[in-house]
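All remarks here apply to the structure that follows.
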Amino acid sequence: MSKTIFTNGTIYTLDTSQPLVEAVVVENGRILDIGSHQEINLQWGRNGSKIIDLQGKMVTPGLIDSHLHLSGIAFNFLDLNLTGVRTKSEMLEKIREKAKTVAPGHWLVGMGWDENLFTEGTIPTIEELDHVAPHCPIYLKRICTHAFLVNSKALELCQYHPSNDVPTGGKVVLDPKTKKPTGLLLESASQLITKYILERTYQELKDGLQQAMQFAVQKGLTSVHTNDPAYLGGLDSTFNMYDELINHEGQGLRCNLLIDYPFLPQLREKRMFAGFGNEKLQIGAIKIFADGAFGRRTALLSEPYHDEPNQFGDAMYSQETLYQVVKEIRDHAMPLAVHTIGDQALGNVLDLLDQFPKVKYRDRIIHTSLVRQDLVERLADSSRIADIQPRLVVSDYPWVKERVGDNREPYLYAWKTLIASGVLCAGGSDAPVEPVDPLLGIHAAVTRRTPRDSHSGWNEKQKLSMLEAVQLFTLGGALATNEENVKGTISRGKLADMTVYSNNLFTMENPDELLETDIEMTVIDGEIKYQK
């Protein structure tokens with residue numbers, strides 16, 4: 001295969017031995033050489049090398065999203081997408097329009113609503129949902145996926161009765177006056193509904209997944225770590241779908257598959273393990289939940305919620321059961337990827353991890369939203385990585401301050417503290433909970449405010465520099481899967497993954513210029529997979 005030279009660029013390698021170059025030589029999907037335009041042209045610029053003129057544009061290592069759900073993005077292409085809806089009336093109108101397209105006997109399924117964004121109205125009532133979609137059952141996941149809305153038709157189809165048992169950890173919210181369902185379900189109560197929703201076909205799911213992967217590449221992503229088996233029909237279906245799209249149909253996007261704990265027995269049967277696969281598609285860590293979320297006060301805290309003094313949040317497992325879960329995962333020599341929002345949940349997880357031998361791959365602490373100084377020190381271990389989502393700070397403020405109070409706020413989304421303390425950190429979006437666009441994640445990391453706001457940032461001492469933010473989504477993502485030797489920097493011998501931008505992130509006078517920055521090119525394996 002002939003060589004390709006990407007030249008005349010402003011290329012930030014993030015490799016401290018040669019941080020800024022003008023040209024990169026690629027051969028067989030690997031970086032063969034880097035250097036100045038003149039050096040590279042003299043050394044390699046003949047014998048039929050293909051030349052790509054970057055026209056002075058900024059280049060970084062390929063962007064990596066360390067935590068998202070490509071299946072959720074796929075469903076946004078397949079189902080009703082309520083992300084970003086800003087009023088109750090707008091939400092109801094979108095449901096009404098979608099309902100017109102739903103055939104008899106089929107469900108109206110959607111995702112992405114967030115009442116905290118509403119400038120008018122609150123969560124729709126079951127009566128309002130019945131009014132806009134009287135003929136079809138509705139199931140709408142909140143953006144956090146911890147709360148759900150249904151209409152009367154849905155409850156009727158799942159044969160709901162107040163005497164029904166609700167799955168442990170779940171709740172059917174009742175009107176305090178009438179004692180009838182409001183249409184709001186919390187946590188595992190969704191299981192009352194989901195078993196009645198007709199599953200999409202393999203091909204439908206694959207088509208949606210393909211669109212999601214292409215969308216991610218358009219946003220400059222070259223690798224993602226995605227958690228999907230619960231939504232794509234199980235372990236076999238999920239792996240086969242990705243294998244077909246990536247290894248056989250050339251989609252390009254590199255994917256590391258986090259596997260939900262219930263699928264661990266199947267993983268063992270198939271003799272799959274962390275790292276199973278190739279450099280394009282790999283099995284990753286085992287995903288479990290230690291607690292819930294701040295919004296419904298289900299994140300587990302060591303001290304009570306400031307705005308509800310009798311509430312500490314909810315542990316997903318007792319400590320004894322969690323021990324057995326961790327033991328089972330470690331018996332298969334697998335790393336963990338643990339959802340921890342509250343500081344007590346984090347402490348509980350670290351207490352157990354300390355009791356087991358380390359494995360080859362790093363354990364991932366997903367979200368790490370509220371910490372304490374003693375926990376930060378325990379996280380600063382080369383076998384652990386904090387898998388953080390910078391956009392959560394702009395979604396959760398200002399209401400999250402009411403949850404934790406002023407005393408704990410310095411340790412809320414405390415990324416600067418984590419990094420300064422030597423904690424390895426990776427950056428993700430948690431898409432579709434937040435937008436998949438990594439430039440929005442970088443903006444949130446350096447400003448700690450929404451694009452609309454003009455203030456100096458929430459808990460601004462925790463702002464990251466532009467370099468620290470970019471490293472979250474490059475080297476940090478590589479560290480999360482122990483692939484720092486093959487990706488994360490533009491270095492000789494590493495995979496030829498690069499992202500090209502319309503503006504130079506490192507010379508911006510105002511970080512809001514990120515909002516006007518486009519992805520010019522996404523290069524994976526030395527091939528241009530997207531070009532503006």
Side-chain angles (χ1 to χ4, degrees), residues 65 67-85 91 94-95 97-103 105-114 117 129 133 136-151 154 185 187-188 190-219 221 224-242 244-246 251 253 255 257-260 263 287 293 339 389 391 395 428-437:
D65 190 310
H67 181 67
L68 51 63
H69 308 266
L70 277 180
S71 56
I73 301 170
F75 282 115
N76 277 346
F77 285 105
L78 299 171
D79 297 329
L80 176 60
N81 184 4
L82 295 168
T83 305
V85 168
M91 179 173 170
K94 282 181 174 287
I95 297 168
E97 289 303 311
K98 184 68 174 179
K100 293 176 183 177
T101 70
V102 177
H106 288 254
W107 283 73
L108 192 166
V109 178
M111 180 179 173
W113 60 272
D114 181 359
L117 297 179
L129 295 173
C136 62
I138 289 176
Y139 176 68
L140 305 172
K141 289 182 276 189
R142 191 181 183 277
I143 195 160
C144 64
T145 70
H146 293 271
F148 315 84
L149 279 173
V150 297
N151 63 352
L185 310 180
E187 304 292 356
S188 56
S190 63
Q191 295 170 21
L192 296 170
I193 300 292
T194 51
K195 60 186 176 182
Y196 291 93
I197 298 176
L198 188 64
E199 293 184 1
R200 289 192 175 274
T201 66
Y202 181 91
Q203 191 59 49
E204 285 175 330
L205 293 172
K206 184 179 170 182
D207 289 345
L209 188 61
Q210 181 179 20
Q211 293 179 75
M213 294 173 76
Q214 291 171 343
F215 185 63
V217 171
Q218 290 169 14
K219 295 299 182 182
L221 290 166
V224 299
H225 309 159
T226 180
N227 178 212
D228 304 300
Y231 303 100
L232 294 181
L235 176 63
D236 284 354
S237 174
T238 300
F239 190 83
N240 290 342
M241 217 173 282
Y242 277 99
E244 290 169 14
L245 287 168
I246 294 171
Q251 282 304 301
L253 184 68
C255 295
L257 307 183
L258 272 64
I259 306 299
D260 306 277
F263 298 102
K287 171 75 181 294
H339 165 115
Q389 292 70 47
R391 280 281 304 187
S395 299
S429 63
D430 206 6
V433 175
E434 296 295 332
V436 72
D437 188 348

Distance check, rounded to the nearest 0.5 Å: K141 atom NZ versus T194 atom OG1? 9.5 Å
With the side chain counted from C-beta on, respond yes when H106 and P137 share a heavy-atom pair under 4.5 Å apart, and no when they do not. no
Out of N76, I143, L140, D114, which residue meets the side chain to side chain contact (heavy atoms under 4.5 Å, CB included) rule with L82? L140
Let me confirm one number: the NE2-OG distance from H146 to S190, rounded to the nearest 0.5 Å. 10.5 Å
Between K94 and E97 (salt bridge meaning N to carboxylate O under 4.0 Å), is one present in this structure? no
Once you round to the nearest 0.5 Å, how far does CG of D207 lie from CZ of F77? 12.0 Å
Are L70 and Y242 close enough that some pair of their side-chain heavy atoms sits under 4.5 Å apart? yes
Crowding at CZ, F215 (>12 non-hydrogen neighbours, <6.0 Å): no
Distance-only side-chain donor-acceptor flag, D65 / S429, under 3.5 Å: yes
Tell me, do Y202 and S237 make a side-chain contact under 4.5 Å, heavy atoms counted? yes
Report the distance from atom CG of L232 to atom OG1 of T238, rounding to the nearest 0.5 Å. 4.5 Å
Nearest 0.5 Å, please: how far is NE2 in H67 from CG in D430? 4.0 Å
E434 and S395: side chain donor to acceptor below 3.5 Å: yes
On the 0 to 90° scale, with breaks at 30° and 60°, tag the F75-Y231 ring pair as parallel, tilted or perpendicular. perpendicular
Within 45° of the axis and under 6.0 Å from the centre of the six-membered ring of F263, does NZ or CZ of K287 qualify? no
